[in-house]
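Sequence lines set the chain letters: A, B, ... in the order given, protein chains first and strands last, and positions in each chain run from 1.
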Protein chains: 2
Amino acid sequence: MPVARAESDAPDVRTRILGAATRLFAARGFDATSLSEIADAVGIRKPSLLYHFPSKDDLLSGVLDALLSHWNDLLPRLLSAATSGYEQFDRVTVELVAFFVTDPDRARLLFREMLDRPEEMKARLLSYFRPWVRLLADSIAKGQEQGRVRPDVDAEAYVLHVIHLVVGGIAVREVMDVLLDGDRFVNEMLRLARASLFLSPAR
Amino acid sequence: MPVARAESDAPDVRTRILGAATRLFAARGFDATSLSEIADAVGIRKPSLLYHFPSKDDLLSGVLDALLSHWNDLLPRLLSAATSGYEQFDRVTVELVAFFVTDPDRARLLFREMLDRPEEMKARLLSYFRPWVRLLADSIAKGQEQGRVRPDVDAEAYVLHVIHLVVGGIAVREVMDVLLDGDRFVNEMLRLARASLFLSPAR
DNA sequence: CCTACCGATCGGTAGG
DNA sequence: CCTACCGATCGGTAGG
């Protein structure tokens, strides 16, 4: 007996619009992308798109909400799963890299938003990301007390740099990779984050 | 007796156009900036602007050429001035930071180009920057032989990361600084570059 | 979800 | 360096 279902089930039109918009906004930028292009990618007409998202700005909000809500789910699970203090941070870094390597469009879109709408991103950073930055900075400070993290690390500034290292790095990876083969760029990114955080094991 | 002068002397119109275009392209992006806005900023009309730069694309080329030719002058002098091997690289990093901190618009513009026209930037990286990246990577390798640079550094990948760390970092500095006071972001940027390159002094 | 259409703005040209 | 103007394309609406 088939389960009852109201109206939608397959890859929802609204979801397909968000996907196409994410891809095109990331590649060309918000202003350089027309609603017709997005509609074409989905296989509908522009006025149909505007039925689902009343304006281009509403569409951008939808795209950004989808991106950030993913982190809203992932981050708390990550932080509670990691038990020890300073290792917490390394796990988050690895997961951050994995998240954006899987879908570089997200990195490019986030970076574009920082450039295009700095005031909105500042507000988001203050209200949404600040608690997480504080939490991660605290776990780094704990590592410093235990003598396993370099004492000269500015914990909060370091966290912001790692976010930039990963988001910005993945955003421009394709360009940088013309001079490098394989995963050298991503591997060096992780080495850089770790080497500048932890004290050398011996020497 | 006043010196003879042909036609221009004061802040040249062409130069003022390039300045206004740099500022606006950096802040809003190429597509989101209209020729009228640039002309207004200079105090002339759009067709007059198009007399100096026949098309919007020509204007962008002019802006990028001016930016890169500045480096064309600065970099060789820097490299020949620095005598010792691995310290060369640290000097270039400090100078790179100074260059972009003075004028963050250049950083934002360069980063936007990497996002908007990746193929063109790849070509530029291959033909123009590759020799410098090689040279810097060699001086890092020399430091590794002398035992003063960490042996696990991937020299070429590291150089590209430092370029990104500085260019991208300065580009988003304004946003990141809402959570930090003073020069903490820039200071931590330099610490990160150094700590991930050099071996710890003692321990 | 569509066709048909709107005013505004874009990059660029004519002509002086 | 200007006024006047061009065709194309934009985001968005009317109406079904």
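Here C:dG11 is the nucleotide among D:dG12, D:dC1, C:dG11 with the atom lying nearest to any side-chain atom of B:Leu35. Across D:dC2, C:dA4, C:dC1, the shortest atom-to-atom separation from the side chain of B:Pro47 is found for D:dC2. Listed nucleotides: D:dT3, D:dC1, C:dG12. Nearest to the side chain of B:Arg45: D:dT3. Comparing C:dC1, C:dG11, C:dT3 against the side chain of A:Tyr51 picks out C:dC1 as the nearest. Among the nucleotides D:dG12, D:dC2, C:dG11, the one closest to the side chain of A:Ser55 is D:dG12. Closest to the side chain of A:Ser48, from the set C:dG11, C:dC2, D:dC2, is C:dC2.
Annotation: of the two residues near DNA chain D, A:Ser34 and A:Pro54, the 5′-most nearest-nucleotide partner is A:Ser34.
With respect to the salt-bridge test (charged N to carboxylate O, under 4.0 angstrom), the residues A:Glu145 and A:Lys142 do not qualify. Comment: A:Arg173 engages A:Asp183 in a salt bridge, judged by a side-chain N to carboxylate O separation of less than 4.0 angstrom.
A donor-acceptor pair under 3.5 Å is formed between the side chain of A:Gln144 and the backbone N or O of A:Val153. Counting only distance, with no hydrogens or angles, the side chain of B:Arg191 and the backbone of A:Ser196 share a donor-acceptor pair below 3.5 Å.
Scanning all heavy atoms of the two residues, the minimum distance from B:Arg108 to B:Ala26 falls at CB-O, 3.9 Å. Listed here is the closest heavy atom pair of B:Val42 and B:Ala20: CG2-CB, 3.9 Å.
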Query raised in the report: Would you write out the dot-bracket form of DNA chain D, 5' to 3', with Watson-Crick and G-U pairs under 3.5 Å, [ ] for crossing pairs, | for pairs to other strands and . for unpaired bases?
Result: ||||||||||||||||

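Residue B:Asp40 contributes atom CG, which lies 14 Å from atom C1' of C:dC10 at whole-angstrom precision. Rounded to whole angstrom, the span from the CG atom of A:Leu50 across to the P atom of D:dG15 amounts to 17 Å. The distance from atom CG of B:Asp31 to atom P of D:dT9 is 14 Å, rounded to the nearest whole Å. With rounding to whole Å, A:His52 atom NE2 is found 16 Å from D:dG12 atom P. What separates CD1 of B:Ile44 from P of D:dT3 is a distance of 12 Å, to the nearest Å. Atom-to-atom, CD1 of B:Ile38 to C1' of C:dG11 comes out at 11 Å; the value is rounded to the nearest Å.
Distance check: B:Arg106 CZ to B:His70 NE2 gives 5.0 Å after rounding to the nearest 0.5 Å.
One cannot find a donor-acceptor pair under 3.5 Å joining the base of D:dG12 and the side-chain atoms of A:Lys56.
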